[in-house]
Amino acid sequence: MKKQLVLVGNGMAGMKVIEELLNQAPERYQITVFGAEPHGNYNRILLSPVLAGEKKAEDILINPIDWYAERGIRLHCGKRVSVIDRDAREVRTDDGIVQPYDQLILATGSLPFIPSVPGRDLPGVVSYRDLQDVEHMLAASRQYKNAVVIGGGLLGLEAAYGLLKQGMTVTVVHLLPTLMERQLDAAAATLLQQTLAARGIAFKMAAQTTALLGTDRVTAVQFADGSTLPADLVVMAAGIRPHIALAKDSGLGCERGVLVSDAMQTTDPHIYAVGECVQHRGQCYGLVAPLYEQARVCAAQLAGDADAAYTGSVISTKLKVTGVELFSAGEFQGGDGCDSIVYQDAGAGIYKKVVLRDDKLIGAVLYGDTTDGSWYFQLMKAQSAVNHLRDSLLFGPVSDSDGDSKPAVLDWPDERAVCDCNGVCKGSIVTAIRDKGLQTLDAVRAHTKASASCGSCTPLVEQLLAAAAGEGYQAPTSKPMCGCTEHSHDDVRAAIRTQHLLSLPQIFQTLQWQTADGCDKCRPALNFYLLATWPGEVQDDASARFVNERNHANIQKDGTYSVVPRMWGGVTNASELRAIADVVDKFQIPTVKITGGQRVDLLGVKKTDLPAVWSDLAKAGFVSGHAYGKALRTVKTCVGSEWCRFGTQDSTGMGIRLEKLTWGAWTPHKFKMAVSGCPRNCAEATIKDFGVIAIESGWELHVGGNGGIKLRGTDVLCRVETMAEVEEHCLAFMQLYRDEGRYLERTAPYLERVGLAYVQQRVVHDAESRRLLAQRFRDSQRHFQKDPWAELAHAAARDQFIPIADLS
Amino acid sequence: MPAFATNTQPGVAHAAGLVEPGWLAIGVLHDIPRQGARVVRTRHGDVAVFRNSSDEVFALLDRCPHRGGPLSEGIVHGRLVSCPLHAWQVQLDSGEAKAPDIGCVPRFPVKLIGTQVYLGLQPLAESRARLNTVD
Ligand code: SRM
Ligand SMILES: Cc1cc2nc3c(=O)[nH]c(=O)nc-3n(C[C@H](O)[C@H](O)[C@H](O)COP(=O)(O)OP(=O)(O)OC[C@H]3O[C@@H](n4cnc5c(N)ncnc54)[C@H](O)[C@@H]3O)c2cc1C
Ligand code: SF4
Ligand code: FES
């Protein structure tokens with residue numbers, strides 16, 4: 001019979017032991033896992049991206065429930081072990097499960113430390129440790145405004161950033177005068193605080209919390225100096241304590257943590273312990289990389305390798321706040337007998353410090369540019385002498401061989417570890433990229449797990465990918481918007497929203513743009529973000545518009561323009577066509593063409609004629625077709641039930657209704673729609689940003705398609721019955737895309753980025769969310785739905801269409 | 001002779017019209033949209049007169065060195081204009097395309113006296129030689 005192996009704690013360290021063991025000795029044990037949380041094992045590190053809305057809970061699962069069953073592992077999910085009976089060699093839960101063991105692994109993790117202040121049990125006070133905490137915070141963020149985070153360490157800052165992104169007003173309270181004192185020196189901490197403050201997080205430093213006030217729910221936080229801060233949500237992130245109660249009660253040797261030997265054995269040879277609950281050679285660890293090292297040793301021991309030993313770890317930290325680059329490792333403070341080398345570029349927001357002792361690198365702090373972090377970390381772990389590198393150390397690794405500046409990782413031996421969390425070496429990454437033809441960072445993460453945990457080796461993996469995949473590789477998009485700034489699109493949008501920024505100069509100043517007035521890349525994007533965030537409040541800035549959107553016509557290669565009047569749903573009539581014919585004659589327009597969008601294009605109009613052309617078209621009842629704009633373009637329709645023998649609904653009428661509702665709306669990229677009267681789909685609704693296909697019982701709604709350069713068919717959003725429902729879903733989807741799409745990102749890549757399930761949640765399943773989105777769209781239309789041609793056709797605006805002087 | 005003009009000069013008591021031979025009044029500063037341009041028709045072709053966010057004024061032939069795009073319709077940022085056709089960036093104060101692109105467009109002398117903008121119709125000497133290369 002197989003031996004019984006029992007794991008208590010279905011978390012990151014414990015399950016790493018099981019995964020490793022299944023690799024090394026799959027048949028050796030019958031495995032049983034107890035986990036107090038009601039989920040499969042998930043990547044706790046990634047709770048912060050979930051809180052910030054950058055990932056969904058299901059994205060961070062490591063082992064779904066099925067995974068256990070498929071491997072013959074018995075999982076007691078949501079069951080807490082309350083007793084270890086070491087004499088009987090069995091564990092028990094309160095609800096009566098009794099499980100015997102031959103070998104037991106304890107991996108119970110940590111408990112959040114909650115300072116003992118009055119009011120700590122009030123509703124609205126949460127810790128930050130597991131998925132349930134994140135759910136509490138997300139629920140609070142939808143209902144309440146003010147959040148106070150107690151603790152300015154890694155957890156506290158990540159929580160603050162997430163809550164800010166969820167739209168809360170956030171203050172971080174910290175006991176000491178500088179942030180993250182366990183990872184950062186004062187200089188780097190100050191830079192970090194400035195960056196986060198610019199994003200909109202408030203700080204109260206050197207402040208001691210004395211009480212949480214409130215009766216039914218927390219309402220305020222009180223400090224030793226007598227001051228208070230309003231708070232509807234208080235997040236306790238003041239540190240963690242190894243969770244040792246179970247071990248201690250059963251008489252195992254414990255100090256701060258459960259004591260273990262180099263073999264990861266506790267004082268009872270049948271019981272191993274790994275993870276945050278452990279104290280090894282006097283050290284407790286709170287980061288994944290060392291815990292995974294422990295797990296590998298423990299697995300090897302359990303597989304029968306009695307020589308496997310854990311000797312302690314050097315650790316490095318990275319803060320997971322999007323757009324903030326920060327790295328810290330080892331003895332970064334410096335001090336007696338140490339030598340520090342510092343590089344600082346305040347303008348660019350870059351700070352680097354490396355600490356040397358006896359010619360060896362023993363610590364590093366990097367802020368702003370962390371590309372070299374993994375290299376320093378390798379030098380520290382290898383304890384290599386670095387005296388010959390001293391002068392160039394701060395400028396990063398240069399390949400020794402030929403002196404060119406190709407990244408040093410390319411010269412690494414294949415067996416050297418790139419990802420310390422998951423123990424992935426360079427060779428396996430390169431092989432996976434080559435053999436599987438991987439092109440993106442996410443694909444490499446999916447196939448190798450490299451950089452999928454804490455992410456600090458991401459730059460190295462990107463370098464390998466870039467070198468191996470060559471041209472096809474595109475770096476992921478939390479990159480700066482353009483050369484004028486370090487902020488990404490998402491950061492800038494968040495700042496516009498949270499700091500209520502209303503003009504380009506205000507953005508340039510607040511976010512410390514590196515150019516006086518931006519460039520042709522960022523100005524149009526910023527102008528769109530401003531208009532989309534604060535419709536009616538922000539003045540459109542013509543100087544930030546691309547020529548077509550400024551002149552409301554498409555510029556042609558010879559400097560003339562094309563003009564496309566709107567034809568609602570592609571339907572026209574004799575008097576409209578006559579008016580168009582008259583304009584063509586009067587202004588001698590050389591080409592008239594039917595467009596792919598079911599309307600008429602007048603090509604070759606001289607700039608000086610534009611106002612008069614528009615004015616004649618307007619008299620005939622036309623408005624601009626926005627054929628030039630990052631805006632609603634056409635709504636194509638088929639003839640539908642009015643004429644067609646197969647038609648099931650009035651697709652033409654539906655299309656016209658949608659176009660009348662949405663014309664004039666600005667969107668991140670162009671937005672096209674189509675409505676077909678039956679599944680034969682003559683209007684090609686399945687390659688549109690929003691497509692509608694009539695069915696017997698109503699309408700099937702589609703999203704995220706486009707023709708164009710990279711063809712993508714739509715995904716089905718849902719089915720609805722009435723025209724009013726089609727309208728509401730359409731408006732809600734457009735608004736969601738407008739809120740979250742990055743400038744020049746069409747709905748297809750947007751949808752792939754956020755996922756269909758998310759869009760369905762916001763637009764289909766959550767009726768209130770849909771209603772609010774649609775309502776905001778309708779509200780903004782009051783400001784956007786003005787015919788630009790009418791506004792430009794009057795006399796005062798005509799000046800800009802004629803020369804200022806004629807000297808010829 | 002200034003190749004570009006700023007608005008900091010004190011108003012001079014010259015009336016509109018010819019200031020000295022070769023200078024032509026083309027309009028007032030406010031006729032040119034800030035971070036935009038207006039066109040002057042001349043015997044050399046259209047000349048684009050730009051005004052940037054610091055109210056500096058520049059004049060270039062309105063033909064991109066790439067494929068002749070109308071620079072007057074480009075987005076103006078700093079002392080650069082981005083051509084509306086294929087986004088080459090041209091330096092307003094020299095007429096040179098910004099690296100990596102190579103090319104140059106003739107520039108013309110402009111000056112600002114008070115709020116009056118004056119244009120000199122002789123392309124600046126160092127760029128006149130290149131006038132032919134544009135065609
Ligand atoms: C006029 C028209 C061609 C025609 O004669 O039929 C046209 C003309 C242009 N298209 Fe288009 N597209 C036209 C229908 C389409 C269609 C068909 C459709 O809408 O059903 C497509 C593929 C469907 C789609 O967009 O998903 C199409 C995909 C593109 C693309 C590639 C988009 C993509 O996401 O890959 C571009 C490039 C871009 O937008 O960056 C583009 C860009 C352009 C521009 C605006 C290029 C430019 O910036 O100058 C052309 C303007 C010419 C002009 O001055 O009028 N046009 N273009 C059509 C105008 C429809 C209208 O009534 O407004
Ligand atoms: C928000 C957040 C961000 C983080 N970011 C990073 C980071 O960027 N980089 C990094 O390296 N680390 C990070 N960490 C730390 C990292 O997540 C932990 O170090 C790691 O998860 C610890 O693993 P563990 O297995 O020891 O404990 P856990 O993952 O906490 O697992 C312990 C499990 O045991 C269960 N359990 C406890 N007692 C019992 C019992 N009696 N019976 C049954 N089940 C029990 C618990 O419910 C829990 O599920 C972060 C942590 C948090 C909370
Ligand atoms: S989609 Fe169907 S109803 Fe519409 S025209 Fe085609 S066949 Fe007729
Ligand atoms: S014509 Fe100016 S960039 Fe091509």
Fill in the blank from the handout: Whatever's closer than 4.5 Å to a heavy atom in chain A on B:Leu121 counts as side chain

Exercise for the section: Name the region of B:Leu85, side chain, backbone, both or neither, that has any atom closer than 4.5 Å to a heavy atom of chain A. Expected result: side chain

Exercise for the section: Evaluate the side-chain proximity of A:Asp520 to B:His77: yes if any heavy-atom separation is below 4.5 Å, no if none is. Expected result: yes

Problem - B:Ile32 vs A:Ile804 side-chain heavy atoms within contact, under 4.5 Å - result: yes

Problem - Most chain A-contacting option - heavy-atom pairs closer than 4.5 Å, from B:Arg67, B:Glu73, B:Arg34 - result: B:Glu73

Fill in the blank from the handout: The reported gap from NZ in A:Lys521 to CD1 in B:Ile75 (rounded to nearest 0.5 angstrom) is 9.0 Å

Exercise for the section: For chain B, find which of A:Cys484, A:Gly518, A:Pro803, A:Ala544 contributes the most heavy-atom pairs closer than 4.5 angstrom. Expected result: A:Pro803

Practice task
Determine whether more than 12 heavy atoms belonging to other residues, nucleotides or ligands lie under 6.0 Å from atom CD1 of B:Ile102.
Solution key: no

Completion exercise
Residues at least two apart in sequence or cross-chain that pass salt bridge (charged side-chain N to carboxylate O under 4.0 Å, His left out) with A:Arg738, listed by chain then number, are none

Handout entry: Contact origin within A:Asp558 toward chain B - heavy atom pairs under 4.5 Å
Key = neither

Handout entry: Proximal component of A:Ala542, with respect to chain B [non-hydrogen, under 4.5 Å]
Key = neither

Exercise for the section: Using a cut-off of 6.0 Å, state whether more than 12 heavy atoms not belonging to A:Gln509 lie near its atom CD. Expected result: no

Handout entry: Contacts of residues 523-531 of chain A with chain B (heavy atom under 4.5 Å)
Key = A:Arg523, A:Pro524

Problem - Atom CD of B:Gln91: over 12 foreign heavy atoms under 6.0 Å - result: yes

Fill in the blank from the handout: In terms of heavy-atom pairs under 4.5 Å with chain B, the winner among A:Gly559, A:Ala516, A:Cys519, A:Pro505 is A:Cys519

Practice task
Could you tell me whether the side chain of B:Ile26 reaches within less than 4.5 Å of the side chain of A:Leu807, counting heavy atoms only?
Solution key: yes

Exercise for the section: With the side chain counted from C-beta on, respond yes when B:Val39 and A:Lys607 share a heavy-atom pair under 4.5 Å apart, and no when they do not. Expected result: no

Completion exercise
Bottom line for A:Arg545: the part with an atom under 4.5 Å from chain B's heavy atoms is backbone

Exercise for the section: Heavy atoms only, distances under 4.5 angstrom: which of B:Gly27, B:Ser53, B:Pro70 has the most pairs with chain A? Name it, please. Expected result: B:Ser53

Fill in the blank from the handout: Note: vs chain A, highest number of non-hydrogen pairs under 4.5 angstrom among B:Ala87, B:Gly78, B:Gly36 is B:Gly78

Practice task
Establish, from distance only, whether the side-chain atoms of A:Asp541 and B:Gln35 form a donor-acceptor pair under 3.5 Å.
Solution key: no

